[in-house]
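Let me begin by presenting the structure, written as C-alpha cells, before commenting on it.
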Amino acid sequence: MSKLGNLGARLYRGEVGYDFVGKRKIWYAVSILITITAILGLAVRGLNMGIEFEGGAVFNTPKTSVSVAQAEESAEKASGHDAIVQKLGDDAMRIQIAGVDIDKSDRIKAALAKDLDVKAADINADLVGPSWGEQIANKAWQGLAIFMVLVVIYLAIAFEWRMALAALIALIHDITITVGVYALVGFEVTPGTVIGLLTILGYSLYDTVVVFDSLKEQSKDLTKQTRFTYSEVANRSINGTLVRSINTTVVALLPVAGLLFIGGGVLGAGMLNDISLSLFVGLAAGAYSSIFIATPLVADFKEREPQLKALKKRVLAKRAAAVAKGESTEAQEYEDDDAPRDDVPGGAAPAVVGPRAQPASRSRGKGRPSGKRR
C-alpha cells in the first residue's frame, strides 16, 4: 500500500488525526482575512468586465506582421478606449474594444486596416450590445440564486438545516474569494467566467457532502455515550475523508492548472484564462472551505443545542474525574480493543492528535475457563 493510502487508512480508523475542529478559530480568522481582502479588491479595483457585458466591438484580422503591442496601440489610438489584443493562429489577431457603436466601429476598422497593412474588407467586425450582456448577467444571477435555494432545500432534507446553512456559508465564501481574485488579478470577466463560477459550486459541495454524510453516520445515538463530544466526532469525520478530499481536489486541479499556467501563460492562449482562473481558485477554495469552514461551523451550531451542551459537560466532567483519580483517559478510550464499542458513535474510535494510544494487551483473558464469571 502506498504511503498516502496507508495514511488514509490510519486516518479513517482514528489511529492518527489532526484537530481541525478544535482549532476552528484560526481557520475562521484566516477566512475572514482572505474574504476582507477579496472585498477590498472588488471595492477598489472592481471587475474587468468583458465586452459581452459592457458592449463593444470585436475585430478579427487576417495574417499580419504587426506585433501585438503595435496593434494594441493602434486600436486604442483609433477608438480612444482600452483594447485587448490576442494573437491567433496563422498570425491573425483578435482585437476587443469596449464601448464602441456602429459608426465608430467603421472608423476603427478603416484605421486598423491602414495600420496593420491589410484590406478593410478582410477585417471582420462583430458588435455586441450592452443589453445582451445585461441579459447574460441577469440569467447568471438567476441561475445562482436557484442553485443556492435548491442546495439548501436538498441538504436540509438529506441532513438537517444546520448543515444546509453551513454549506451555504461555505459556498458564499468560495464565490467571494474567487470573484475577489479576479478583481485583484485584473483578468477579464466573460461568460466563460460565469460558467466556471457555477461549475466550482458543484465541486465545493461534493467534498462538503462527503464529510457531512460521514458525520451524520457517526453521530447517531451520540447522546447515549459519555466518551466523545460532537466536535470530536465531527473532527473524526474530517480526518476520515481527508485523503479522499485531497485526491479528488488534486486530480481536478491538475488539468485546470495546465489550462491556466501552460495554455494561458506559456502558450499565450489568453482566452483560456477567463474560465481556468475561476475553476482553479474555486476548486482550491472549495476544498479549503469543506474542511476548515463547513464542518467546524456545523459543530458550532450543533453544540448550542441543550442536549449536546449537556453531553459536552458530562464528557468533560468524566474526563476530569478520571484525571483526578490518576487514570489515563486515552487508555480508557482504547481499553479492550477487541470488544464491540456500543457506546462509540458509529462503532468507531475517535480521531486523536498524534499517535494512537497503545491498546491493552490482546492476550488479556486468554486461558480463562469458559462459562459465566462469578
Side-chain angles (χ1 to χ4, degrees), residues 27-56 58 72 76 79 81-86 94-100 128 130 132-145 147-148 168-205 249 252-253 256-257 259-265 268-290 292-293:
W27 319 134
Y28 294 164
V30 171
S31 294
I32 290 172
L33 180 62
I34 296 174
T35 304
I36 291 175
T37 304
I39 293 174
L40 287 176
L42 282 170
V44 175
R45 300 195 59 176
L47 291 173
N48 179 22
M49 306 300 293
I51 64 170
E52 293 88 353
F53 296 101
E54 290 189 342
V58 179
E72 183 176 336
E76 291 178 352
S79 64
H81 297 276
D82 292 336
I84 299 176
V85 180
Q86 296 171 334
R94 184 174 186 266
I95 303 172
Q96 299 180 64
I97 306 174
V100 174
V128 179
W132 186 75
E134 186 178 353
Q135 290 177 3
I136 292 179
N138 290 335
K139 293 295 182 183
W141 283 114
Q142 290 175 12
L144 180 62
F147 176 84
M148 292 289 195
L168 179 62
I169 293 173
L171 286 177
I172 296 173
H173 165 273
D174 299 342
I175 294 174
T176 303
I177 291 177
T178 305
V179 174
V181 169
Y182 262 84
L184 293 171
V185 174
F187 278 14
E188 186 180 24
V189 177
T190 67
T193 306
V194 177
I195 294 171
L197 284 173
L198 295 176
T199 303
I200 64 172
L201 300 181
Y203 281 101
S204 176
L205 276 175
T249 302
L253 280 176
V256 176
L259 286 175
L260 179 61
F261 298 110
I262 298 177
M271 289 181 291
L272 298 175
N273 289 336
D274 52 0
I275 188 171
S276 59
L277 180 64
S278 62
L279 288 174
F280 186 83
V281 177
L283 287 173
Y288 172 85
S289 65
S290 65
F292 298 97
I293 302 299

Could you state the interatomic distance from [atom1] ([X]) to [atom2] ([Y]), rounded to the nearest 0.5 Å?
| X | Y | atom1 | atom2 | result |
| --- | --- | --- | --- | --- |
| K139 | L144 | NZ | CG | 14.5 Å |
| Q96 | T190 | CD | OG1 | 9.0 Å |
| S31 | I169 | OG | CD1 | 11.5 Å |
| L205 | F147 | CG | CZ | 5.0 Å |
| I36 | T176 | CD1 | OG1 | 12.0 Å |
| Y288 | I293 | OH | CD1 | 4.5 Å |

(request) Mind checking ring-ring contact (aromatic ring centres under 6.0 Å, His included) for F187 and listing every partner two or more places apart, or none if nothing turns up? (result)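 Result, ring-ring contact (aromatic ring centres under 6.0 Å, His included) vs F187: none returned.
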(message) Can you give me the closest heavy-atom contact between A257 and F280, atom names plus distance?
(response)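 Result for this residue pair: CB-CE1, 3.9 Å.
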Would you please name every residue forming a side-chain contact (heavy atoms from CB on, under 4.5 Å) with [X], sequence neighbours left out?
| X | value |
| --- | --- |
| L42 | L47, V179, A183 |
| S204 | L171, D174, S289 |
| L279 | T199, I200, V256, I275 |
| L184 | T37 |

(message) Do I34 and V30 make a side-chain contact, defined as non-hydrogen atoms from C-beta onward lying under 4.5 Å apart?
(response)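 I34 vs V30: side chains touch.
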(request) List in chain and number order the residues that pass side-chain hydrogen bond (donor to acceptor under 3.5 Å, both in side chains) with T193, two or more places apart in sequence or in another chain; answer none if no residue qualifies. (result)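 Result, side-chain hydrogen bond (donor to acceptor under 3.5 Å, both in side chains) vs T193: none returned.
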